[in-house]
There are 2 protein chains.
Amino acid sequence: MTKKYRTPDGYTADIAVFTIVTEESKPFTPPDMSLNLLLIERAKWNAEGELNTEGGKWALPGGFVGVHENALQAAVRELKEETGIDCVHMKHFGIYDEPGRDNRGWIISNAHYAIISEDDLREMNANDDASAVKLVNIHDVLQLELAFDHRQIICDALSVIKKELLQTTAAKNLLQDEFTYSELQAVLSTVTKDPAILNEQAFARKIKSLPFIEKVEGKTTQRTSKKATQLYRFNEVEVVKPIYTGRYQER
Amino acid sequence: MTKKYRTPDGYTADIAVFTIVTEESKPFTPPDMSLNLLLIERAKWNAEGELNTEGGKWALPGGFVGVHENALQAAVRELKEETGIDCVHMKHFGIYDEPGRDNRGWIISNAHYAIISEDDLREMNANDDASAVKLVNIHDVLQLELAFDHRQIICDALSVIKKELLQTTAAKNLLQDEFTYSELQAVLSTVTKDPAILNEQAFARKIKSLPFIEKVEGKTTQRTSKKATQLYRFNEVEVVKPIYTGRYQER
DNA sequence: GAATTAATTAACAACTTGATAATTGTTAAT
DNA sequence: ATTAACAATTATCAAGTTGTTAATTAATTC
């Protein structure tokens with residue numbers, strides 16, 4: 001190809017990995033969850049013993065996209081390489097292409113978020129050097145010293161994940177296939193103050209009429225209560241809730 | 001910079017421009033609107049008289065991003081250059097980076113959507129060669145022969161714009177600053193079948209309690225009715241509607 | 001002046017939901 | 001065996017939402 005324009009010096013994929021951490025799991029008790037973001041600490045020195053670009057700061061996992069793959073594939077690959085996590089739900093959410101954002105050149109970053117369950121997370125801890133990887137509660141993450149423009153990327157990721165969890169059925173990726181109303185409620189509680197969701201009786205009542213959730217007939221668990229509790233699962237129905245309907249008045 | 005990787009051959013910005021077309025505007029009548037997408041016809045031959053890549057097909061406006069700008073700026077610039085439109089509401093919505101999507105090389109397309117009002121559209125028609133530019137009703141657009149992977153991009157754009165109009169206050173960009181309930185309803189009707197929005201009495205009642213819309217005190221118009229009609233405007237309030245609340249049962 | 005039309009208001013029924021309370025099933029302590 | 005504890009579940013009420021139907025209002029047209 002004849003290049004009429006100056007072309008980019010690189011194309012990277014970054015990944016904001018979100019996961020749920022169950023804070024305390026006493027038997028027969030509904031879970032108390034927090035939403036966490038996975039970060040890696042950039043090495044202070046590179047292989048040649050020189051100071052590394054943005055070394056010592058915390059950053060999102062990621063790396064360069066190859067010519068043979070798209071950014072989504074690269075993101076999945078990099079996450080596996082850097083943390084051992086096999087991700088199911090990974091999605092593009094933004095592009096970071098401000099001139100000068102990376103002092104190494106004209107580098108375009110394609111940002112993704114991934115949602116993984118606690119279960120899948122355990123593989124990670126076994127697989128990798130834990131010292132350079134940590135989970136940070138989403139309420140604390142902006143206090144850290146972050147590399148490049150990752151503060152901005154993380155801000156955007158937080159706002160995207162909050163919307164995604166409330167406006168789509170993405171919560172299914174943070175739960176087991178079959179779950180109780182209180183487990184789903186615990187996930188949603190990490191990102192909303194909506195009283196219709198926080199109110200236990202109201203939510204237990206509501207879950208039965210949601211078109212995208214179905215009762216697992218005759219199946220119960222004692223994970224969250226001494227009394228056997230009904231299990232539910234997501235089905236394939238997708239819905240869009242307009243802001244022009246519903247209630248807005250507090251009582 | 002030392003290049004360890006092969007780098008992209010180009011970075012382009014494409015723009016899906018959406019606008020409302022009022023189908024018939026009898027006086028004293030609520031509008032009948034359709035949502036349209038702006039497409040350009042690619043020239044059959046290039047400057048050297050050779051057959052152009054994907055020439056003769058319909059495509060989204062767009063072009064290469066320069067090293068001194070980000071893709072959003074490039075998108076605004078290209079849209080102005082190609083159609084004369086000065087756009088207010090332009091946003092990134094997707095990346096198209098499949099290897100082989102453009103036979104000219106490794107070219108990454110950053111896709112944007114723009115929402116412009118009928119008023120702003122008039123400038124365009126005055127400004128440019130109308131033969132190569134046309135507005136297509138969103139229900140017809142997928143019938144056309146489209147260049148590159150623009151069919152996919154347009155599909156995604158349609159689904160994004162539908163969500164955006166219902167789940168955010170983006171409709172304000174398709175209306176005048178002050179509007180009647182029936183004008184807002186006409187905009188929303190182009191993208192939803194929700195009875196709570198299509199029902200006139202219900203919607204006229206509802207608009208008064210929406211936290212992100214306020215009455216323009218004492219101001220009316222006769223655009224849509226012989227009887228003077230109340231005007232409303234959007235304020236700055238932003239809301240997120242969870243799918244876990246509200247009604248799902250049809251009557 | 002009557003007909004027409006869109007906006008507005010009213011009224012009702014069915015549904016939603018926050019609040020409060022009662023009931024149920026199981027475990028653990030007495 | 002009895003009781004306390006506790007989450008799940010069900011019940012009830014009040015207030016808000018919304019589809020439906022109908023009446024009222026204001027301006028224009030004939």
Side-chain angles (χ1 to χ4, degrees), chain A residues 24-33 178-186 188-189 192-211 215-216 218-232 239 241-251, chain B residues 24-32 178-186 188-189 192-211 215-232 239 241-251:
Chain A
E24 37 175 348
S25 65
K26 294 180 218 145
F28 311 120
T29 305
D32 180 12
M33 299 177 169
E178 301 179 347
F179 52 87
T180 70
Y181 82 93
S182 59
E183 289 170 337
L184 173 56
Q185 191 183 28
L188 299 178
S189 300
T192 189
K193 289 171 185 166
D194 192 315
I197 290 172
L198 297 186
N199 182 305
E200 283 165 41
Q201 280 86 348
F203 193 74
R205 183 172 51 190
K206 187 71 197 175
I207 197 173
K208 294 183 221 161
S209 67
L210 296 174
K215 191 193 273 197
V216 184
K219 216 165 163 197
T220 58
T221 182
Q222 279 185 298
R223 288 199 296 266
T224 62
S225 164
K226 293 162 188 166
K227 180 173 174 178
T229 308
Q230 180 62 51
L231 285 168
Y232 294 88
V239 297
K241 271 269 128 173
I243 57 176
Y244 297 96
T245 63
R247 57 167 64 184
Y248 284 101
Q249 188 169 349
E250 303 292 321
R251 280 224 264 170
Chain B
E24 38 176 348
S25 66
K26 295 181 217 142
F28 310 121
T29 305
D32 179 12
E178 300 179 347
F179 52 87
T180 70
Y181 82 93
S182 59
E183 288 170 336
L184 173 56
Q185 191 183 29
L188 299 178
S189 299
T192 189
K193 289 170 185 166
D194 192 315
I197 290 173
L198 297 185
N199 182 303
E200 284 164 41
Q201 280 86 347
F203 193 72
R205 182 173 51 191
K206 187 69 196 174
I207 197 173
K208 293 182 222 161
S209 68
L210 296 175
K215 191 193 275 196
V216 185
E217 215 54 66
K219 218 166 161 196
T220 58
T221 182
Q222 279 186 294
R223 289 198 296 266
T224 62
S225 164
K226 294 161 189 167
K227 179 173 172 178
T229 308
Q230 180 63 51
L231 285 169
Y232 295 88
V239 297
K241 272 266 129 177
I243 58 176
Y244 297 95
T245 62
R247 57 169 63 185
Y248 284 101
Q249 189 170 348
E250 302 292 320
R251 282 223 265 168

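A, B, ... follow the sequence lines: proteins, then strands. Residue 1 opens every chain.
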TODO: Hey, which sits more toward the 5' end of DNA chain C by its nearest nucleotide, B/G246 or B/T29?
DONE: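 Closer to the 5' end of DNA chain C: B/T29.
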For the pair made of [atom1] in [X] and [atom2] in [N], what is the distance, rounded to whole Å?
X: A/E200; N: D/dC6; atom1: CD; atom2: C1'; answer: 11 Å
X: A/I207; N: C/dT16; atom1: CD1; atom2: P; answer: 15 Å
X: B/R205; N: C/dC12; atom1: CZ; atom2: C1'; answer: 11 Å
X: B/K26; N: C/dA6; atom1: NZ; atom2: C1'; answer: 13 Å
X: B/Q230; N: D/dA26; atom1: CD; atom2: P; answer: 15 Å
X: B/K206; N: D/dG16; atom1: NZ; atom2: P; answer: 12 Å
X: A/Y248; N: C/dG18; atom1: OH; atom2: C1'; answer: 18 Å
X: B/F203; N: D/dT20; atom1: CZ; atom2: P; answer: 17 Å

I'd like to check [X] versus [Y] (side-chain heavy atoms, cut-off strictly below 4.5 Å). Are they in contact?
X: B/R223; Y: B/L231; result: yes
X: A/E183; Y: A/P30; result: no
X: A/T224; Y: A/T29; result: no

Could you pull out the protein-nucleic contacts involving nucleotides 20-24 of chain C (nitrogen or oxygen on both sides, under 3.5 Å)?
unit_1	atom_1	unit_2	atom_2	d
C/dA21	N6	A/Q201	NE2	3.3
C/dT24	O2	A/K227	NZ	3.0

Of all the heavy-atom pairs spanning [X] and [Y], show the shortest one and how long it is.
X: B/K219; Y: B/E178; value: NZ-OE1, 2.9 Å
X: A/A196; Y: A/A202; value: O-CB, 4.4 Å
X: A/L198; Y: A/T192; value: CD2-O, 4.0 Å

Open item on the list: Between B/L188 and B/F203, does the side chain to side chain contact (heavy atoms under 4.5 Å, CB included) criterion hold? Intermediate values first, please.
Closed with: CA-CA 11 Å; B/L188 299 178; B/F203 193 72; 3.9 Å; yes
TODO: Just do the side chain to side chain contact (heavy atoms under 4.5 Å, CB included) check on A/Y232 and A/I207 with the steps written out, would you?
DONE: CA-CA 9 Å; A/Y232 294 88; A/I207 197 173; 3.8 Å; yes
Output a table of nitrogen or oxygen pairs between the protein and nucleotides 28-30 of chain C separated by less than 3.5 Å.
none

- [ ] Tell me, with the steps shown, if A/L184 and B/Y244 meet side chain to side chain contact (heavy atoms under 4.5 Å, CB included).
- [x] CA-CA 10 Å; A/L184 173 56; B/Y244 297 95; 3.9 Å; yes
TODO: Using a heavy-atom cut-off of under 4.0 Å over every strand shown, decide if B/A204 touches base, sugar-phosphate, or nothing.
DONE: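 The residue B/A204 makes no contact with any strand.
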Open item on the list: Using a heavy-atom cut-off of 4.0 Å across all strands, would you classify B/T245 as base, sugar-phosphate, or nothing?
Closed with: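 If one applies the 4.0 Å heavy-atom cut-off, B/T245 turns out to touch the sugar-phosphate alone, with no base involved.
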Task: Contact nearer the 5' end of DNA chain D, comparing B/P27 with B/D194 - done: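 Closest to the 5' end, via its nearest nucleotide, is B/D194.
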Is the phosphate of [N], meaning OP1 or OP2, less than 4.0 Å from a side-chain N or O of [X]?
X: A/K208; N: D/dT10; value: yes
X: B/S225; N: D/dA27; value: no
X: A/Q222; N: D/dA8; value: no
X: A/S182; N: D/dA8; value: yes
X: A/T229; N: D/dT9; value: no

- [ ] Show your working on side chain to side chain contact (heavy atoms under 4.5 Å, CB included) between A/T229 and A/F28 and close with a plain yes or no.
- [x] CA-CA 10 Å; A/T229 308; A/F28 311 120; over 6 Å; no
Open item on the list: My understanding is that a pair needs two contacts under 3.5 Å, Watson-Crick or G-U wobble. By that rule, which nucleotide pairs with C/dA29?
Closed with: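 Check on C/dA29: paired to D/dT2, both distances under 3.5 Å.
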Task: Counter-base of C/dT5, judged by Watson-Crick or G-U geometry with both distances under 3.5 Å - done: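 For C/dT5, the partner nucleotide comes out as D/dA26, under the 3.5 Å rule.
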Open item on the list: Counting only side-chain heavy atoms from C-beta out, which of C/dA7, D/dA8, D/dG19 sits nearest to B/P30?
Closed with: C/dA7
Task: Six-ring centre of B/Y248, A/K206 cation under 6.0 angstrom, axis tolerance 45° - done: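 The answer is no; the distance or angle limit is not met.
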Open item on the list: Check this for me: does the side-chain of A/R247 come within 3.5 Å of the base of C/dT16 through a donor and an acceptor?
Closed with: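 Result: at least one qualifying N/O pair found.
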